[in-house]
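Worksheet for the structure shown next.
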Amino acid sequence: MMIALAADHGGFHHKERCKSLLDELGLVWKDFGTDSAEGVDYPDFSHAAARAIQQGVCDRGVFFCGTGIGMSMAANRHRGIRAAACQVPEAARMSRLHNDANVLAIGERLVDWALAEQMIRLWLETPFEGGRHERRIGKIETEK
Ligand code: RB5
């Protein structure tokens, strides 16, 4: 599984830490920036990484910003992207089980690394439940 990583300055440190975690889990990743804690605009990085998932270059993404909100909002503009901004492990788990989230967005200013790591591990290992949820996520795409 190829994971797209993206962050703005507010999520840069978590993105860097996430690389080691993914290495430890034996997962490959592609870094769409940013490359430092210097101020940038989060949509630039979210769009680039979301596009890679949309095009099948990457399978899923873990995005970071200050809150996780801006990165998820930009990513969700892409057809087929289901980005979930989560602050607790149960939300991350449910975003996989019921929503088949293909992007997890975390806010570095809200979630410390220990908790973020727990959420990422859980999110990566939780499968989509399918069934009735398949129909529901299909309906997300019906709105133009
Ligand atoms: C940057 O200051 C901050 O607005 C950004 O990281 C993010 O939290 C936006 O949603």
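Quantities reported herein were computed from a predicted structural model and do not represent experimental measurements. Whatever order the structure lists ligands and atoms in, that order sets their numbers, starting from 1.
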Aromatic plane relationship, His14 with Phe64 - under 30° parallel, 30 to 60° tilted, over 60° perpendicular: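 Answer is perpendicular, since the angle exceeds 60°.
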
Side chain of [X], backbone of [Y]: donor and acceptor closer than 3.5 Å?
X     : Y     : answer
Ser46 : Pro43 : no
Gln54 : Ile81 : no
Asp44 : Gly33 : no

Would a hydrophobic clustering, with Ile, Leu, Val, Met, Phe, Trp and Tyr connected at side-chain separations under 4.5 Å, put Met119 with Leu25?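 Per the 4.5 Å side-chain linkage, Met119 and Leu25 are co-clustered.
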
Per-pair distances, ligand 1 N/O vs protein N/O, less than 3.5 Å:
unit_1: ligand 1; atom_1: 2 (O); unit_2: Arg109; atom_2: NH1; d: 3.2
unit_1: ligand 1; atom_1: 6 (O); unit_2: Asp8; atom_2: OD1; d: 3.3
unit_1: ligand 1; atom_1: 6 (O); unit_2: Asp8; atom_2: OD2; d: 2.6
unit_1: ligand 1; atom_1: 6 (O); unit_2: Gly66; atom_2: N; d: 2.7
unit_1: ligand 1; atom_1: 8 (O); unit_2: Gly66; atom_2: N; d: 3.2
unit_1: ligand 1; atom_1: 8 (O); unit_2: Thr67; atom_2: N; d: 3.0
unit_1: ligand 1; atom_1: 8 (O); unit_2: Thr67; atom_2: OG1; d: 3.2
unit_1: ligand 1; atom_1: 10 (O); unit_2: Thr67; atom_2: OG1; d: 3.3
unit_1: ligand 1; atom_1: 10 (O); unit_2: Gly70; atom_2: N; d: 2.8

Here's a test for you: under side chain to side chain donor-acceptor pair (under 3.5 Å), which of Asn76, Asp100, Asn99 qualifies with Arg82?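 Single pass found, and it is Asp100.
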
